[in-house]
Trainee: 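The structure follows.
Counting starts at 1 for both ligands and their atoms, in listed order. Heavy-atom basis, side chains included; hydrogens, waters and symmetry copies ignored.
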Amino acid sequence: MGPNDNPSIHNIDLSDLLLFGIPKKGRLNEQVMTLLAGADIKFHRKNRIDIALSTNHPIALVFLPAADIPQFVADGNVDIGITGQDMVAEAGVNVEELMSLGFGKCRLCVQTPVDSPYRSAKDLVGKRIATSFTSLVREYFKALDVQVAKEAGLTTIEKSTIVQFLSGSVEASCALGLADGIVDLVESGETMHAAKLHAIETVLTTEAVLICNPTKHINNPLIEKIRRRIEGVITAQRFVLCTYNVPRTKLANAIKITPGKKSPSISSLDTDGWVAVSVMVLKSKSADVMDELAEIGAQDILITEIKNARMN
Ligand SMILES: Nc1ncnc2c1ncn2[C@@H]1O[C@H](COP(=O)(O)OP(=O)(O)OP(=O)(O)O)[C@@H](O)[C@H]1O
Ligand SMILES: O=P(O)(O)OC[C@H]1O[C@H](OP(=O)(O)OP(=O)(O)O)[C@H](O)[C@@H]1O
Ligand SMILES: [Mg+2]
């Protein structure tokens with residue numbers, strides 16, 4: 001529970017509920033809604049109300065900006081949350097990362113105009129940097145300021161790098177003359193290339209994570225239940241079930257192609273010398289796996305979607 005004894009919001013008493021911080025909008029929100037549905041965490045969210053009680057678990061979903069969720073979790077105002085690793089790093093707080101979720105993947109990169117003379121982040125020392133990640137970037141360039149001064153044999157920094165906060169559309173700041181370089185997220189690179197920028201260093205890579213207040217996880221079976229259910233949904237999203245028949249003489253080769261998450265299930269067929277195999281394969285690799293199995297003589301190769309899973 002949160003630190004205050006009887007937390008409540010909109011006259012809803014939250015004291016006996018697990019508080020779950022959810023990104024209230026944007027690209028993470030859509031994926032999180034899918035996760036919650038797959039984990040059978042049902043709720044009704046009234047329009048403009050940032051809290052929703054689950055109808056089938058003692059959970060209250062609290063809809064917050066992704067950037068704020070690390071602080072709420074670290075301070076215990078909510079018990080668990082989903083946000084990006086970049087948001088946790090920028091918040092500089094202590095939270096337990098229960099699992100990475102496989103979406104919201106991107107890189108935080110130092111970017112400069114393609115026609116600029118800057119080829120590394122060190123070239124930007126003493127210059128002007130625009131970013132939404134000011135804590136991270138100030139720390140990053142402070143270390144570079146010191147390194148460059150040391151390499152020049154100086155005992156003090158000649159000119160500190162200036163880090164300017166921008167809340168969005170950071171990529172426009174170089175062309176508008178506000179900055180010499182930026183630090184912003186890159187997924188496809190479309191925004192960067194459109195702004196005639198290129199990435200010269202990667203500060204960090206990030207994806208969405210399930211985080212927990214460090215004092216809460218071990219003594220709360222409901223948190224473990226939610227973690228296992230979300231893990232099951234992600235497994236079902238990433239894997240498919242592959243079944244096929246193969247001559248026993250080819251089984252060793254087949255298992256090299258489909259080792260499975262743990263190991264394949266093998267059963268004998270009525271037809272002498274043949275076995276039936278059932279195994280999980282990565283959805284992204286399933287077409288290649290089918291081709292390779294066919295090449296070694298496997299037959300009746302089927303791929304089935306997995307609706308949900310519990311692996312351990
Ligand atoms: N282009 C992107 N590709 C992948 N992940 C992204 C991208 N932009 C932001 N993210 C991730 O989404 C999370 C939330 O980012 P942010 O708060 O900017 O919301 P958003 O989804 O971009 O919505 P908006 O920017 O419209 O408010 C962050 O952890 C961030 O790493
Ligand atoms: O490499 P790409 O696929 O182009 O994605 C990167 C862009 O995505 C995010 O912006 P977003 O679309 O969230 O707009 P925002 O700047 O308002 O956050 C981020 O700030 C980058 O600008
Ligand atoms: Mg954004």
Trainee: Would you say Thr206 has any N or O atom under 3.5 Å from an N or O of ligand 1, going by distance alone?
Mentor: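 In fact, backbone or side chain, Thr206 has no N or O that close.
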Trainee: Please indicate, with yes or no, if any protein heavy atom is found under 4.0 Å from atom 4 (O) of ligand 2?
Mentor: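 Protein heavy atoms within 4.0 Å of atom 4 (O) of ligand 2 - there is at least one.
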Trainee: Under 4.0 Å from atom 18 (O) of ligand 1, can you find at least one protein heavy atom?
Mentor: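 So far as the 4.0 Å threshold goes, atom 18 (O) of ligand 1 is out of reach of every protein heavy atom.
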Trainee: Gly84 heavy atoms, cut-off 4.0 Å: which ligand 1 atoms fall inside?
Mentor: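 In order of numbering, the contacting atoms are 29 (O).
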Trainee: Output yes when a side-chain donor or acceptor of Lys196 lies under 3.5 Å from a complementary backbone atom of Asp115, and no otherwise.
Mentor: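 Not a single qualifying donor-acceptor pair exists.
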Trainee: Give yes or no for whether the N/O distance cutoff of 3.5 Å, strictly under, is met between Gly168 and ligand 2.
Mentor: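 No, no N or O pair falls under 3.5 Å.
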Trainee: When you check the gap from the basic side-chain N to the acidic O, do Arg45 and Asp50 get nearer than 4.0 Å?
Mentor: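 Salt bridge flag = yes for Asp50 with Arg45.
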Trainee: Below 4.0 Å from ligand 1: does a non-hydrogen atom of Gly104 turn up there or not?
Mentor: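 It does; at least one heavy atom falls under 4.0 Å.
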Trainee: Give the residue, atom name and distance (to 0.1 Å) of the protein heavy atom nearest atom 15 (O) of ligand 1.
Mentor: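 The protein heavy atom lying closest is Met87 CE, 4.4 Å.
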Trainee: Does CD in Glu151 sit with more than 12 non-hydrogen atoms of other residues, nucleotides or ligands closer than 6.0 Å?
Mentor: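 Buried by this count: over 12 neighbours within 6.0 Å.
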Trainee: At less than 4.0 angstrom from any non-hydrogen atom of Val186, what atoms of ligand 2 do you find?
Mentor: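 In order of number, 1 (O).
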Trainee: Would Arg119 and Thr112 count as a side chain to side chain donor-acceptor pair (under 3.5 Å) if you check the C-alpha gap in whole Å, the side-chain angles of each, and the deciding distance to 0.1 Å?
Mentor: CA-CA 8 Å; Arg119 287 291 168 268; Thr112 56; 5.2 Å; no
Trainee: Applying a heavy-atom cut-off of 4.0 Å, say which part of Arg27 lies close to ligand 1: side chain, backbone, both or neither.
Mentor: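 For Arg27, backbone and side-chain atoms both sit under 4.0 Å from ligand 1.
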Trainee: Is the backbone N or O of Thr161 less than 3.5 Å from a side-chain atom of Asp145, with the two atoms forming a donor-acceptor pair by type?
Mentor: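 Checking the backbone N and O of Thr161 against the side chain of Asp145, a donor-acceptor pair under 3.5 Å is found.
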Trainee: What atoms of ligand 2 come closer than 4.0 angstrom to any heavy atom of Asp184?
Mentor: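 The list of qualifying atoms is 19 (C), 20 (O), 21 (C), 22 (O).
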Trainee: Under a 4.0 angstrom heavy-atom cut-off, which atoms of ligand 2 come close to Glu171?
Mentor: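 This gives 22 (O) as the contact atoms.
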Trainee: Checking Glu295 now: which residues fulfil salt bridge (Lys or Arg N to Asp or Glu O under 4.0 Å) with it, not counting sequence neighbours?
Mentor: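 Glu295 satisfies salt bridge (Lys or Arg N to Asp or Glu O under 4.0 Å) with no other residue.
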Trainee: Among all protein heavy atoms, pick the one closest to atom 24 (P) of ligand 1 and tell me residue, atom and distance.
Mentor: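 The closest heavy atom on the protein side is Lys25 NZ, 3.6 Å.
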Trainee: Determine the sole option in Lys105, Glu97, Glu207, Glu90 for which the side-chain hydrogen bond (donor to acceptor under 3.5 Å, both in side chains) test with Gln85 is passed.
Mentor: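 Exactly one option meets the side-chain hydrogen bond (donor to acceptor under 3.5 Å, both in side chains) with Gln85, and it is Glu97.
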Trainee: Can you find a protein heavy atom closer to atom 21 (O) of ligand 1 than 4.0 Å?
Mentor: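 At least one protein heavy atom is under 4.0 Å away.
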Trainee: How does Val170 reach ligand 2, if at all, at less than 4.0 Å between non-hydrogen atoms: by side chain, backbone, both, or neither?
Mentor: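 Near ligand 2, Val170 shows nothing, with every heavy atom at 4.0 Å or more.
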Trainee: Do any N or O atoms from the side chain of Ser54 and from the backbone of Ile59 form a donor-acceptor pair under 3.5 angstrom?
Mentor: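 Judged by distance alone, no pair lies under 3.5 Å.
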Trainee: Please say whether Asp86 places an N or O atom under 3.5 Å from an N or O atom belonging to ligand 1.
Mentor: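 Yes; the residue has a nitrogen or oxygen that sits under 3.5 Å from a nitrogen or oxygen of the ligand.
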Trainee: Can you tell me how far CD of Glu224 sits from SG of Cys212, rounded to the nearest 0.5 angstrom?
Mentor: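 Taking SG in Cys212 and CD in Glu224, the distance rounds to 10.0 Å.
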Trainee: In terms of side-chain geometry, is the basic nitrogen of Lys142 or Glu139 positioned less than 4.0 Å from the acidic oxygen of its partner?
Mentor: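 The answer is no: the pair does not qualify as a salt bridge.
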Trainee: Around atom 3 (N) of ligand 1, find the nearest protein heavy atom and jot down its residue, atom name and distance.
Mentor: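 Its nearest protein heavy-atom neighbour is Glu187 OE1, 3.0 Å.
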Trainee: Do any non-hydrogen protein atoms sit less than 4.0 Å from atom 12 (O) of ligand 2?
Mentor: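 Neighbour list for atom 12 (O) of ligand 2 includes protein heavy atoms (cut-off 4.0 Å).
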Trainee: Nearest protein heavy atom to atom 12 (O) of ligand 1, by residue and atom, and its distance?
Mentor: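 It is Leu28 CG, 3.7 Å.
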Trainee: Atom CD1 in Ile266, atom CG in Leu251: separation rounded to 0.5 Å?
Mentor: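 Between Ile266 CD1 and Leu251 CG, I get 4.5 Å after rounding to 0.5 Å.
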Trainee: Does Met290 form a side chain to side chain contact (heavy atoms under 4.5 Å, CB included) with Leu293? I'd like the steps, not just the answer.
Mentor: CA-CA 5 Å; Met290 294 174 86; Leu293 286 172; 5.7 Å; no
Trainee: Hey, is CZ on Arg238 packed in by over 12 heavy atoms from elsewhere, all under 6.0 Å?
Mentor: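 Counting other residues, nucleotides and ligands, CZ of Arg238 stays at 12 neighbours or fewer.
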Trainee: List the closest protein heavy-atom neighbour of atom 6 (C) of ligand 2: residue, atom name, distance to the nearest 0.1 Å.
Mentor: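 Answer, as residue, atom name and distance: Leu185 O, 3.4 Å.
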Trainee: Can a non-hydrogen atom of Glu207 be found less than 4.0 Å from any atom of ligand 1?
Mentor: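 No heavy atom of Glu207 comes that close to ligand 1.
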Trainee: Distance to 0.1 Å, residue and atom name: give those for the protein heavy atom nearest to atom 2 (P) of ligand 2.
Mentor: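 Checking every protein heavy atom, the shortest distance to atom 2 (P) of ligand 2 gives Ser188 OG, 3.4 Å.
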Trainee: Decide whether an N or O pair under 3.5 Å exists between Lys105 and ligand 1.
Mentor: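 By distance alone, the answer is no.
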Trainee: Within a distance of under 4.0 Å, is there any protein heavy atom near atom 15 (P) of ligand 2?
Mentor: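 For atom 15 (P) of ligand 2 the answer is no, since every protein heavy atom stays at 4.0 Å or beyond.
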Trainee: Evaluate the criterion side chain to side chain contact (heavy atoms under 4.5 Å, CB included) for residue pair Val32 and Phe103; output intermediate values, then yes/no.
Mentor: CA-CA 10 Å; Val32 172; Phe103 57 84; 4.1 Å; yes
Trainee: Give the atoms of ligand 1, by number and element, whose distance to some non-hydrogen atom of Ala66 is under 4.0 Å.
Mentor: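 Once the distances to Ala66 are compared, the set is 14 (C).
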Trainee: Which residue supplies the protein heavy atom nearest to atom 8 (O) of ligand 2, what is that atom called, and how far is it?
Mentor: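 For atom 8 (O) of ligand 2, the nearest protein heavy atom comes out as Arg27 NH2, 4.0 Å.
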Trainee: If you measure every N/O of Gln85 against every N/O of ligand 1, is any gap under 3.5 Å?
Mentor: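 Looking only at distances, the answer is no, because the N/O contact criterion of under 3.5 Å is not met.
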Trainee: My understanding is that a hydrophobic cluster links ILVMFWY residues whose side chain heavy atoms are under 4.5 Å apart, including indirect links. Using that, what else belongs to the cluster containing Trp274?
Mentor: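 Members besides Trp274, by chain and number: Leu269.
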Trainee: Heavy-atom distances under 4.0 Å decide this one: backbone, side chain, both or neither, for Ser169 against ligand 2?
Mentor: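 Answer for Ser169: backbone.
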Trainee: Can you check side chain to side chain contact (heavy atoms under 4.5 Å, CB included) on Glu171 and Asp184, steps first, answer last?
Mentor: CA-CA 8 Å; Glu171 64 281 356; Asp184 196 19; 4.0 Å; yes
Trainee: Taking 4.0 angstrom as the limit and counting only heavy atoms of Gly26, give me the atoms of ligand 1 inside it, by number and element.
Mentor: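 Result: 21 (O), 23 (O).
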Trainee: Looking at atom 27 (O) of ligand 1, tell me if a protein heavy atom falls under 4.0 Å from it.
Mentor: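 Answer yes: something from the protein, a heavy atom, is under 4.0 Å.
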Trainee: Has Met192 got any heavy atom lying under 4.0 angstrom from an atom of ligand 2?
Mentor: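 So Met192 does not count as touching ligand 2.
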Trainee: List the atom of Ser278, the atom of Leu241, and the distance in Å for their closest heavy-atom pair.
Mentor: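 Scanning both residues, the minimum pair turns out to be OG-CD1, 3.6 Å.
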Trainee: What protein heavy atom lies closest to atom 7 (C) of ligand 2? Include the residue and the distance to one decimal.
Mentor: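 The closest one turns out to be Thr191 OG1, 3.6 Å.
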Trainee: How many angstroms lie between atom OG1 of Thr83 and atom CZ of Phe72, to the nearest 0.5 angstrom?
Mentor: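 Reported value, rounded in 0.5 Å steps: 12.0 Å.
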